[in-house]
Amino acid sequence: MLLHFLPDIQQGNIKSLARCISLIENEAKGYEDFLRALPISSAKIIGVTGPPGAGKSTLTDALIGKLVEKGKKIAVLCVDPSSPFNMGALLGDRIRMSEWYNHPMVFIRSLATRGSLGGLNSKIIEITDLLKAAAFDFIIVETVGVGQSEVEIAGLADTTIVVLVPESGDEIQTMKSGLMEIADIFVVNKSDRPDADQFVKNLQSILAHGPENTIIHIPVIKTIASQKKGVEELAAFILQADTTKKNNRKKALLTEKAYQLIINKRMKDVSKNDLTKKINQQLEAGDFNLYSFIENY
Ligand SMILES: Nc1nc2c(ncn2[C@@H]2O[C@H](COP(=O)(O)OP(=O)(O)O)[C@@H](O)[C@H]2O)c(=O)[nH]1
Ligand SMILES: [Mg+2]
């Protein structure tokens, strides 16, 4: 029954799209058949990641402006880790991008979930694939980068933008282990701060001494997202980005996606409530053994 939405969605019907996203979120009957029927599309996924408060939403807001100016249709998926601040953060995104909520070229959706298993939530993968089938040129996925999650977003995106701010000293420390491999471009936002130039120098010097002394050519640009400065350059990078290099990584990216979806599928009928109930029963019967329990589960 989801399938009859597909032609509408491909023609850019926003109402049908929103409805389908909800049905996927709720795993409505037939949603897996629907996902299987999604056509292959050439829409590009742009990952925007970085620490909380770096200005990702403000930057996304400005970026939408530049891309819409060029006649591009844009979808934005804002993903925030489940945290006590979650609703606040999503509200913040809403305010930061308010100009675009009712724009005919723009579709924005927030997802309050992250993978409970520490991985990229399978819903993010499924919904971005749905957005790809809809008539968008670019799908921007904003995720808060904490530890592994930057790497996860890179598994999804054709182009990954890592947003840092002049005070991102800690992120720079972990640079060698992760961020360098995933970033296609570094954005040093809040470059209205006095220490921005020094930070850019440090970053470039780290990039110049990559693993095994390779020189890594990852562009670094400065932006002041709140004043929409430097965003033109970022938009230009996205528009001309050669994703063929990424296509060589396609197998690795598909492996990552498949892995996440399989974990989710296998774990579907495992519920903690159910576990507690069964453990209770066996405890009451007086013969509980953890290892026998999991063996028989
Ligand atoms: N000074 C300064 N503040 C900025 C800049 N960009 C964003 N901000 C502010 O930084 C705060 C966090 O921005 P937000 O876009 O929500 O960050 P996110 O958590 O990474 O999405 C907001 O108060 C923005 O107004 C900038 O370039 N310079
Ligand atoms: Mg944000």
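Just so you know, ligand 1 is whichever comes first in the structure, and atom 1 is the first atom listed for that ligand.
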Within-shell test, E142 vs ligand 1, heavy atom, strictly < 4.0 Å: yes
A54 N/O to ligand 1 N/O under 3.5 Å: yes
Contact check: T60 to the Mg ion (ligand 2), N/O/S below 2.8 Å: no
Distance-only side-chain donor-acceptor flag, N202 / Q198, under 3.5 Å: yes
Qualifying residue for side-chain contact (heavy atoms from CB on, under 4.5 Å) with I224, from R193, K229, K190: K229
E142, N/O/S atom nearest the Mg ion (ligand 2): OE2
D192: numbered ligand 1 atoms lying under 4.0 Å from its heavy atoms: 1 (N), 2 (C), 26 (C), 27 (O), 28 (N)
cation_pi(K73, F136) dist<6.0 Å, angle<=45: yes
Salt bridge (Lys or Arg N to Asp or Glu O under 4.0 Å) assessment of E233 paired with K222: CA-CA 9 Å; E233 214 181 328; K222 287 196 291 182; over 6 Å; no
Distance-only donor-acceptor check, side chains T223 and N189, under 3.5 Å: yes
Min N/O separation I224 to ligand 1 under 3.5 Å: no
Atoms in ligand 1 flagged as close to N189, the criterion being non-hydrogen separation under 4.0 Å: 5 (C), 6 (N), 7 (C), 27 (O)
Sole candidate of V106, D137, I238 that passes side-chain contact (heavy atoms from CB on, under 4.5 Å) when paired with K72: D137
Heteroatom distance test (L59, ligand 1): nitrogen or oxygen, under 3.5 angstrom: no
Ligand-residue contact atoms, ligand 1 with T58, heavy atoms, under 4.0 Å: 7 (C), 13 (O), 14 (P), 15 (O), 24 (C)
Option set P51, C78, G53, criterion heavy-atom distance to atom 12 (C) of ligand 1, minimum: G53
Modelled atom types, side-chain donor and acceptor of Y297 and D274, under 3.5 Å: yes
